[in-house]
*Asks:* 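Below is a structure I'd like to ask you about.
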Amino acid sequence: MKNILVAGGAGYIGSHTVIELINAGYNPIIVDNLSNSKEESIKRVEGIVNKSLTFYKADVLDKDAMRKIFTTHSIDAVINFAGFKAVGESCQKPIEYYHNNIGGLIALVEVMREFNCKNLVFSSSATVYGDPESVPIKEDAKLSTTNPYGSTKLFIEYILKDICKADSSWNVAILRYFNPVGAHESGLIGEDPNGIPNNLCPYITKVAVGKLECLNIFGNDYDTKDGTGVRDFIHVVDLSKGHVLAVNKILENSGLVIVNLGTGTGYSVLEMVNTFSKVLGKEIPYKFAPRRPGDIGTCYADTTKAQEVLGFKATKTLEDMCRDALNFQLKNPNGYN
Ligand code: NAD
Ligand code: WQD
């Protein structure tokens, strides 16, 4: 059985991916410093897959700790979810973001090279497309960044491209996620942000259960079907399956692969709110507010390459995303606490 080191595996996308790796016959080795997650998520995953998991509480920046893990286990490939991800916070704390995201990636690839493990899947983001010139967005679209978080993703992409150019024995899949939402259908794991959520879906679920009063919809004057922002929301379980396909691919000596992970369909913020209301069986209160600085109007993926290269196709609907997100919120009113 192949060992896949999952850095950041206690987090939102990582915990769901651990399940899909196990379903596909891989053995995940989880590493996380729990800076933005709780060990409880791993316990929940153990309940879902009905087996105990290997977990190390460690920081990817701590090369000695990572060396110990690589010495204990023969690692076939690494998926790196570890990083900070809040756009607004990155503008306040750019040094911390560059240190953790870029420093963490460099430390990780250094240790990987020492152990001759040169297979890596990296969590990039549609944020590297900045304000796209056209949609759907293809992988060869112009890249740009508008905030330090986005810059860390773009700079890491450059670093990984250079690594692959210099040494053809590296196999790297750069996955550009669009907007991951939803939760595992069990309702045992899901997105559990600290404090008041910045992102749309966790904000709505908190409004749905009365923990927050009303959703502010940031902007109703975009050039979109109903004036509100349009995004490519993708169910986290679909996204996680994309990681398994990416691991399969790099283990075939693929070299560098860059793909979008989205559904290819853009839904508006209002469509998302209405679908939540339908699933909940009552109206989600909302009001229109000014545009959020830095936001773009429309963003959705061209999924042709993901299908051709990975055989990836998202199957879950917007209703699935809303139902599963709500289910997690209802079953865990205080998140993992
Ligand atoms: P998350 O915060 O839930 O998961 C990241 C995990 O990494 C957390 O468990 C955190 O404790 C851990 N971590 C952070 N720094 C670490 C370090 N130095 N060493 C070890 N562990 C560390 O975030 P997520 O939503 O699961 O995102 C996973 C990855 O996907 C991130 O890199 C993020 O930037 C990227 N991404 C996320 C989204 C999204 O909307 N959720 C979209 C595009 C890309
Ligand atoms: C979606 C839409 C908002 C909250 C962010 C990052 C991106 C990626 C995914 C990591 C927008 C609107 C939101 C609210 C609202 N992450 N909205 N009221 O901004 O598309 O992408 O997460 O890589 O890099 O920027 O996601 O969920 O914050 O917003 O009206 O309270 O919902 O204006 O149109 P976004 P989001």
Side-chain angles (χ1 to χ4, degrees), residues 6-17 30-39 41-42 56-62 65-66 79-88 90 96-97 99-101 103-105 107-108 122-130 145-147 149-150 152-153 156 175-181 189-194 196-204 206-207 212 214-220 222 224 228-234 236 239-240 243 261-262 266-270 272-273 286-300:
V6 187
Y12 172 47
I13 305 168
S15 57
H16 290 82
T17 300
I30 304 167
V31 178
D32 200 301
N33 66 0
L34 303 180
S35 58
N36 194 39
S37 53
K38 309 225 166 52
E39 198 168 342
S41 68
I42 295 165
Y56 296 96
K57 182 172 186 288
D59 195 308
V60 293
L61 283 154
D62 181 349
M66 296 304 291
I79 307 180
N80 184 25
F81 294 104
F84 295 152
K85 64 165 181 177
V87 171
S90 79
E96 285 78 358
Y97 270 67
H99 178 72
N100 195 49
N101 293 7
L105 182 277
L108 191 58
F122 175 68
S123 304
S124 189
S125 165
T127 191
V128 299
Y129 296 118
T145 107
T146 52
N147 57 73
Y149 166 71
T152 68
K153 294 295 178 192
I156 290 172
L175 305 181
R176 294 180 180 151
Y177 315 155
F178 280 67
N179 286 59
V181 296
I189 59 167
E191 192 170 10
D192 179 26
N194 293 323
I196 297 176
N198 295 307
N199 296 113
L200 180 64
C201 189
Y203 200 103
I204 296 179
K206 292 229 170 345
V207 174
L212 291 170
C214 176
L215 171 73
N216 290 301
I217 295 185
F218 300 137
N220 61 346
Y222 286 106
T224 59
T228 65
V230 166
R231 294 292 183 275
D232 188 337
F233 300 103
I234 175 168
V236 65
L239 187 73
S240 299
H243 289 74
L261 290 183
Y267 286 107
S268 74
V269 172
L270 259 183
M272 176 66 116
V273 175
Y286 68 83
K287 62 176 188 293
F288 292 117
R291 290 183 179 192
R292 186 171 62 178
D295 269 0
I296 56 175
T298 301
C299 175
Y300 58 92

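In listed order, ligands and their atoms are each counted from 1.
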*Asks:* Is the Tyr97 ring parallel, tilted or perpendicular to the Tyr149 ring (thresholds 30°, 60°)?
*Replies:* perpendicular

*Asks:* Within the structure, does Lys85 bring an N/O atom to less than 3.5 angstrom of an N/O atom in ligand 2?
*Replies:* no

*Asks:* Starting from atom 18 (N) of ligand 2, which protein heavy atom do you reach first, and at what distance in Å?
*Replies:* Asn216 O, 2.7 Å

*Asks:* Pick whichever of Arg292, Arg231, Met272 has a heavy atom sitting closest to atom 19 (O) of ligand 2.
*Replies:* Arg292

*Asks:* Go through ligand 2 atom by atom and flag the ones less than 4.0 Å from a non-hydrogen atom of Val87.
*Replies:* 6 (C), 25 (O)

*Asks:* At less than 4.0 angstrom from any non-hydrogen atom of Tyr149, what atoms of ligand 2 do you find?
*Replies:* 10 (C), 23 (O), 24 (O)

*Asks:* For atom 12 (C) of ligand 2, which candidate among Thr152, Asn147, Val269 holds the nearest heavy atom?
*Replies:* Val269

*Asks:* Would you please determine whether Ser15 falls within less than 4.0 Å of ligand 1 on a heavy-atom basis?
*Replies:* no

*Asks:* Say whether Lys287 and Asn216, considering side chains only, have a donor N or O and an acceptor N or O under 3.5 Å apart.
*Replies:* yes

*Asks:* With a 4.0 Å cut-off on heavy atoms, does Lys153 reach ligand 1?
*Replies:* yes

*Asks:* Just distances here: any N/O of Ile217 and N/O of ligand 2 closer than 3.5 Å?
*Replies:* no

*Asks:* I'd like to check which ligand 2 atoms, numbered from 1 as shown, lie under 4.0 Å from a non-hydrogen atom of Asn179.
*Replies:* 20 (O), 21 (O), 26 (O), 35 (P)

*Asks:* Does Ala7 have a heavy atom less than 4.0 Å from any atom of ligand 1?
*Replies:* no

*Asks:* Do ligand 2 and Leu200 have nitrogen or oxygen atoms that lie under 3.5 Å from each other?
*Replies:* yes

*Asks:* By number and element, which atoms of ligand 2 are closer than 4.0 Å to a non-hydrogen atom of Asn198?
*Replies:* 4 (C), 28 (O)

